[in-house]
Novice: 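The structure's right below; bear with me while I get my questions together.
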2 protein chains.
Amino acid sequence: MPPKDDFDLHAFLPYLLNQAAEASSLGFQASYKGRYGMLRTDWRVLFHLGIHGRMTAKDIGERAKIHKTKVSRAVQRLADRRFLTRERDESDRRSEFLELTQAGQAAYRDLRAIAQEYEARLTARFSAEDTVLLKRLLVELAR
Amino acid sequence: MPPKDDFDLHAFLPYLLNQAAEASSLGFQASYKGRYGMLRTDWRVLFHLGIHGRMTAKDIGERAKIHKTKVSRAVQRLADRRFLTRERDESDRRSEFLELTQAGQAAYRDLRAIAQEYEARLTARFSAEDTVLLKRLLVELAR
DNA sequence: AGGTAATAGTTGATTTTGTAACTAACAACG
DNA sequence: CGTTGTTAGTTACAAAATCAACTATTACCT
């Protein structure tokens, strides 16, 4: 019979990170899924384009650390909804420049506002210093 | 043309959490996937059984906050590998008690050691106080 | 130039997850 | 008892993620 054990799973960092990430993702998803029928990858791509403007799928993948097939399919979905346009790069015809349309920009601004609200709600329970520290440590861990 | 924008995605908490969680999960996965061909849910279930001993699928699901279908399938995989045994609860024949076999316990101890090493490596770059604070905030966020 | 390797992006096959419906067993209430 | 409602766990089907293979184009190398 397996004996009890004092290893604390709830103090295991990868486990904790997953729980927190899951909870916050679901919470945020609840905010935007109703509005546009978007997947997580979709809004990430939308945000990158909203923030940086015109860029290629490859650049998005690198910056956001999303695999190219995921980016490709998210771009397709966003293009289907007329949230972005594709334009072949004539100096290197393998890649294409992506750019938000008016509708895409509007959706981005809308979602950005929701994101900022959500962020505020999440961090409201922490002191400003704690929040800064938390983010610093998370950035460290992400590398 | 979409203008640049000063919203900082890398300071958006759900995004940061996902990046950190992803990175740490992958890192840990690299440690155990080679050893046993296990999925994330599998080792979670294994850990719960290793820590708490004999318990039902329902209990595992509740404690770990894993949906019952995921638990069910993880239990099946672990049973296939002879890592656990199932025993019907005769006082309530709907549920069954799960318990690690010798092989299951050995795998658990092995993975636990790897987890502890990995944890140590992850937190090595932080001060003890920072680590404590980080975990406290993550627990907060997970609720 | 010609051949080989590398790169951007897409597509298809296989796994894994999520959702809903199902079976079997128990509970509660008349 | 008998009907209705719940619960533990499984299964079936749809949505999504993963991985490999593919097309088209460019870069490298001799």
Side-chain angles (χ1 to χ4, degrees), chain A residues 18-19 21-23 25-27 29-30 32-34 36-45 48-49 52 54-81 84-99, chain B residues 18-19 21-23 25-27 29-30 32-34 36-46 48-49 54-81 84-99:
Chain A
N18 263 307
Q19 299 275 115
E22 189 76 6
S25 273
L26 284 178
Q29 195 168 32
Y32 69 79
K33 189 157 195 178
Y36 314 90
M38 268 197 215
L39 257 27
R40 211 159 63 235
T41 313
D42 296 358
W43 74 255
R44 280 208 200 175
V45 168
H48 275 271
L49 285 170
H52 299 109
R54 171 180 158 111
M55 63 196 298
T56 69
K58 193 205 168 199
D59 292 336
I60 295 175
E62 275 172 8
R63 280 187 192 258
K65 282 192 234 140
I66 305 176
H67 194 268
K68 60 181 183 174
T69 63
K70 265 180 162 179
V71 175
S72 172
R73 283 170 173 139
V75 166
Q76 276 177 322
R77 285 188 293 266
L78 292 171
D80 286 348
R81 288 172 202 212
L84 61 79
T85 56
R86 322 161 86 123
E87 183 204 342
R88 188 114 258 142
D89 174 359
E90 287 305 333
S91 75
D92 180 348
R93 298 183 39 73
R94 284 171 303 182
S95 67
E96 51 191 9
F97 295 116
L98 307 172
E99 198 165 12
Chain B
N18 263 307
Q19 298 276 113
E22 189 77 6
S25 273
L26 284 178
Q29 195 169 31
Y32 69 78
K33 190 157 194 178
Y36 314 90
M38 268 198 216
L39 256 27
R40 212 160 60 236
T41 313
D42 296 359
W43 75 254
R44 280 207 202 176
V45 169
L46 185 80
H48 276 271
L49 286 170
R54 173 179 156 112
M55 62 196 299
T56 69
K58 193 204 167 200
D59 293 335
I60 295 175
E62 276 172 8
R63 280 186 193 259
K65 283 191 234 141
I66 305 177
H67 195 267
K68 61 181 182 172
T69 63
K70 263 183 163 178
V71 175
S72 173
R73 292 198 258 242
V75 166
Q76 276 178 321
R77 285 188 294 264
L78 292 171
D80 286 348
R81 289 171 201 216
L84 61 79
T85 56
R86 321 161 87 122
E87 183 202 343
R88 188 117 257 143
D89 175 357
E90 288 304 332
S91 75
D92 180 349
R93 299 184 38 75
R94 285 170 304 182
S95 65
E96 50 190 11
F97 296 116
L98 307 172
E99 197 166 12

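So that the names make sense, note that chain A is the first sequence line, chain B the second, and so on, each numbered from 1.
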Novice: Check salt bridge (Lys or Arg N to Asp or Glu O under 4.0 Å) between A:Arg77 and all other residues, then give those that pass, not counting sequence neighbours.
Specialist: A:Asp42
Novice: For B:His67 and D:dA16, give me the distance from atom NE2 to atom C1', rounded to whole Å.
Specialist: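 Atom NE2 in B:His67 sits about 17 Å away from atom C1' in D:dA16.
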Novice: Grab the CE-C1' distance between B:Met38 and C:dT16 for me, whole Å please.
Specialist: 17 Å
Novice: Go through the structure and list residues passing salt bridge (Lys or Arg N to Asp or Glu O under 4.0 Å) with B:Arg93, not counting sequence neighbours.
Specialist: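 Expected list: B:Glu90.
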Novice: For A:Arg93 and C:dT10, what is the distance between atoms CZ and P respectively, to the nearest whole Å?
Specialist: 14 Å
Novice: Listing time: all N or O pairs from protein to nucleotides 3-9 of chain C that are below 3.5 Å?
Specialist:
residue: C:dT7; atom: O4'; partner: A:Arg94; partner atom: NH1; Å: 3.4
residue: C:dT7; atom: O2; partner: A:Arg94; partner atom: NH1; Å: 2.9
residue: C:dA8; atom: OP1; partner: A:Lys58; partner atom: NZ; Å: 2.7
residue: C:dG9; atom: OP1; partner: A:Glu96; partner atom: N; Å: 3.3
residue: C:dG9; atom: OP2; partner: A:Lys58; partner atom: N; Å: 2.6
residue: C:dG9; atom: N7; partner: A:Lys68; partner atom: NZ; Å: 3.1
residue: C:dG9; atom: O6; partner: A:Lys68; partner atom: NZ; Å: 3.0

Novice: Would you please name every residue forming a salt bridge (Lys or Arg N to Asp or Glu O under 4.0 Å) with A:Arg63, sequence neighbours left out?
Specialist: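 Once residues adjacent in sequence are excluded, A:Arg63 has no partner under the salt bridge (Lys or Arg N to Asp or Glu O under 4.0 Å) criterion.
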Novice: Indicate whether the side chain of B:Asp59 and that of B:Thr56 have a donor and an acceptor atom separated by less than 3.5 Å.
Specialist: yes
Novice: Let me know the distance between CD of B:Glu87 and P of D:dA8, rounded to the nearest Å.
Specialist: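 B:Glu87 atom CD is separated from D:dA8 atom P by 18 Å.
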Novice: Which whole-number value in Å describes the distance from A:Gln29 CD to D:dA15 P?
Specialist: 16 Å
Novice: Which one, C:dG18, D:dT18, D:dA16, comes nearest to the side chain of A:Lys70?
Specialist: D:dT18
Novice: Check this for me: does the side-chain of B:Arg73 come within 3.5 Å of the base of C:dG18 through a donor and an acceptor?
Specialist: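 Such a pair is found, so the answer is yes.
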Novice: Please enumerate all residues that pass side-chain hydrogen bond (donor to acceptor under 3.5 Å, both in side chains) together with B:Glu62, with sequence neighbours excluded.
Specialist: B:Lys58
Novice: Does B:Glu87 come within less than 4.0 Å of B:Arg54, counting only side-chain N to carboxylate O?
Specialist: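 B:Arg54 and B:Glu87: salt-bridged.
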Novice: If you find the nucleotide of DNA chain D closest to A:Thr69 and the one closest to A:Thr41, which residue's nucleotide is nearer the 5' end?
Specialist: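 Residue closer to the 5' terminus by nearest nucleotide: A:Thr41.
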Novice: Holding to salt bridge (Lys or Arg N to Asp or Glu O under 4.0 Å), I want the full list of residues that pass it with A:Asp89, two or more places apart in sequence or in another chain.
Specialist: none
Novice: Rounded to whole angstrom units, what separation is found between the NZ atom of A:Lys65 and the P atom of D:dT18?
Specialist: 15 Å
Novice: How many Å lie between CD on A:Glu90 and C1' on D:dA24, as a whole number?
Specialist: 14 Å
Novice: Any side-chain N or O of B:Gln76 below 4.0 angstrom from OP1/OP2 of D:dG9?
Specialist: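 So the side-chain polar atoms of B:Gln76 never come under 4.0 Å of the phosphate oxygens OP1 or OP2 of D:dG9.
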Novice: Rounded to whole angstroms, how far apart are CD1 on A:Ile66 and C1' on D:dA16?
Specialist: 14 Å
